[in-house]
Amino acid sequence: MKAINALEGKVFDALAACSEQLGMRAYVIGGYVRDHFLNRPCKDIDVVVEGKGIEMAQAFAEYIKSSRTAFYEKYGTAMVTYGEWEVEFVGARKESYRRDSRKPIVEEGSLQDDQARRDFTINALSISLNRDDYGEVYDPFNGLADLKGGIIKTPTDPSITFSDDPLRMMRAIRFSTQLDFFIEENTYKAIYANRERLKIVSQERVTEELNKIVLASRPSVGFKLLFNTELLHQFFHEMVALQGVDVVDGRGHKDNFYHTLQVLDNISTVTEDLWLRWSAILHDIAKPPTKRYYPKQGWTFHGHEDLGARWVPRIFKRLRLPLDQKMKFVQKMVRLHLRPIALVDSQVTESAVRRLIFDAGQDLESLMKLCRSDITTRNPKKVDRYLENYNLVERKILEVEERDQIRNWQPPVTGEMIMKMFNIPPSKMVGEIKTAVREAILEGEIANDKEAALELARKIGKKLLKDSELNQK
């Protein structure tokens, strides 16, 4: 079978010319070939060379006059950028592994050796760049049939494949989630049997695959596979702890693991923001330790939002997620996710609305997306009622925001103003005055303007100075 239409474009003409010039047989392999047959766009090309991959890369870079190159002599690989294409070169090889490491012992090999070392049959497909069989598809493991059948399957014994390189278990689940493919039975069983081997893989690599699952159109598919194979148990015990339902006096509560997955799927329909999706994953993460049963109230999870927010840095650090503004954003979402619905009551004060606007700041729309995604009831009437409640909240927020301009607001009195007003250095007193002025504006006790704020600052400062003098006496 030939697939010459997969090799249309100057980049493939150049690759074929370099292959012929060097006398090295070369093939496009892996993701580009897979995605071609799935009609998915792909700008990453993997080229396997029966010879030195770096030599082919150097010749290609010279041929296309590209200076955007990266050569990895230690691994025998190279990357060359050509317009919108990223072309990676590697010499055909065969691999063997030690039990305690996922770093292979590498030897030069043939195309067939290289295809056999690939993770899945759908990634072992290759197309020739050589003049005598240009465009010929080489499919020794029936990858085309597996593409058609929607099957994730290893080309060789899955137990050996996963024991040798346990990260491939995460990749199996990632591809299954992204492509909506099912994992072949023996391959699935081998993932479960080798689950504890995942511990030899760096957390960075595991999390890289996990984030690709989180960014899928329906990430719950991947998380269910991770849970059922117990891969999730190897690195994310807090999420595993969400699963299960306790029943007392015939009264149970929803399964917080599956509720979380539904929230994640819900929010994935309205945003591709990785960190908002992580907010959905972690919004109820602290429910297990805060779970209590009271005969009159039933099950409660008081304070889970505050405890969950305190857990976020620890979880991010362990999973090697960024400990920067992205982490703080997730922390804010977890802490505030119950606040909007509390504003539904007609008796709620405008100060409570102002405080939410101030606390959420520029992330208010993201918070409301999370809150709406948190509706997982199957009762259509309840869904309609909850959505109308959030519409009411948003109308209240809009009304207060238009009038008071609280979002991204900074109090009109600064620390420098206070220090100049009372001729004092930076001190606890400055912070106390700033906080009192801010709270007074948020509570609606004074207008949100500079004159009223300065007047209150002057009044509070005089009182604090007077109290300080009396204490010194």
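One-based numbering along the sequence shown.
Salt-bridge formation is not detected for the pair Glu350/Lys396: no Lys NZ or Arg NE/NH1/NH2 atom is positioned less than 4.0 Å from an Asp or Glu carboxylate oxygen. Using a 4.0 Å cut-off between charged side-chain N and carboxylate O, Asp359 and Lys332 make no salt bridge. Under a 4.0 Å N-O distance rule, the pair Arg168/Asp165 qualifies as a salt bridge. Under the 4.0 Å criterion applied to side-chain N and carboxylate O atoms, Arg372 and Glu394 are assigned as salt-bridge partners.
Residue pairs meeting the salt bridge (charged side-chain N to carboxylate O under 4.0 Å, His left out) criterion with at least one member in residues 249-274: none, sequence neighbours excluded. Within the structure, the salt bridge (charged side-chain N to carboxylate O under 4.0 Å, His left out) test picks out the following pairs touching residues 281-308 (sequence neighbours left out): Asp246-Lys291, Asp284-Lys287. The stretch residues 56-67 participates, sequence neighbours left out, in no salt bridge (charged side-chain N to carboxylate O under 4.0 Å, His left out) pair at all. Contacts classified as salt bridge (charged side-chain N to carboxylate O under 4.0 Å, His left out) and involving residues 227-240 (residues at least two apart or in different chains) are given here: Arg195-Glu230, Glu238-Arg314, Glu238-Arg318.
Judged purely by atom type and a 3.5 angstrom limit, Asn123 has no side-chain atom pairing as donor or acceptor with the backbone of Asp119. Remark: side-chain polar atoms of Asp449 are paired, donor with acceptor, to backbone N or O of Ala452 under 3.5 angstrom.
A search for ring pair (Phe, Tyr, Trp, His ring centres under 6.0 Å) contacts involving His304 returns His337, not counting sequence neighbours. Partners of Asp324 under the salt bridge (Lys or Arg N to Asp or Glu O under 4.0 Å) rule, at least two apart in sequence or in another chain, are Lys326. Checked against ring pair (Phe, Tyr, Trp, His ring centres under 6.0 Å), Phe12 has the following partners two or more places apart in sequence or in another chain: Tyr32, Trp85. With sequence neighbours excluded, the residues that form a salt bridge (Lys or Arg N to Asp or Glu O under 4.0 Å) with Glu388 are Arg395. With sequence neighbours excluded, no residue forms a salt bridge (Lys or Arg N to Asp or Glu O under 4.0 Å) with Lys328. For Arg320, the salt bridge (Lys or Arg N to Asp or Glu O under 4.0 Å) partners at least two apart in sequence or on another chain are Glu204. The ring pair (Phe, Tyr, Trp, His ring centres under 6.0 Å) test applied to His302 returns no partner, not counting sequence neighbours.
Below 30°, between 30° and 60°, or above 60°: for Phe175 and Phe120 the angle between ring planes is above 60°, a perpendicular geometry. Ring geometry for Trp278 against Phe316 counts as perpendicular: the plane angle is over 60°, on a 0 to 90° scale with 30° as the lower cut. Ring geometry, Phe227 versus Tyr258: the interplanar angle exceeds 60°, so the pair is classed perpendicular (tilted spans 30 to 60°).
Put simply, the side chain of Leu226 reaches to within 4.5 Å of the side chain of Met170, judged on heavy atoms. The closest side-chain heavy-atom distance from Tyr390 to Pro340 is below 4.5 Å. In this structure, the side chains of Ile285 and Val312 stay at 4.5 Å or more apart for every pair of heavy atoms. With a 4.5 Å cut-off on side-chain heavy atoms, Met327 and Pro322 do not count as touching.
Annotation: the span from Leu179 atom CG to Ile122 atom CD1 amounts to 5.5 Å, rounded to 0.5 Å. Distance CD1/Ile64 to OG1/Thr69: 9.5 Å, rounded to 0.5 Å. Put simply, CZ on Arg68 and CD on Glu86 are 6.5 Å apart, with the number rounded to the nearest 0.5 Å. Atoms NZ and CD1, from Lys459 and Ile446 in turn, are 10.5 Å apart once rounded to the nearest 0.5 Å.
Within the 6.0 Å centre-distance limit, the rings of Trp299 and Tyr293 are counted as a close aromatic pair. If you look at Phe301 and His253, their ring centroids are closer than 6.0 Å.
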Could you pull out every donor-acceptor pair under 3.5 Å between side chains of residues 422-434 and any protein atom, sequence neighbours left out?
unit_1: Ser427; atom_1: OG; unit_2: Pro425; atom_2: O; d: 3.4

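For the side chain to side chain contact (heavy atoms under 4.5 Å, CB included) with Ile173, the qualifying choice from Ile152, Leu225, Val221 is Leu225, the only one to do so.
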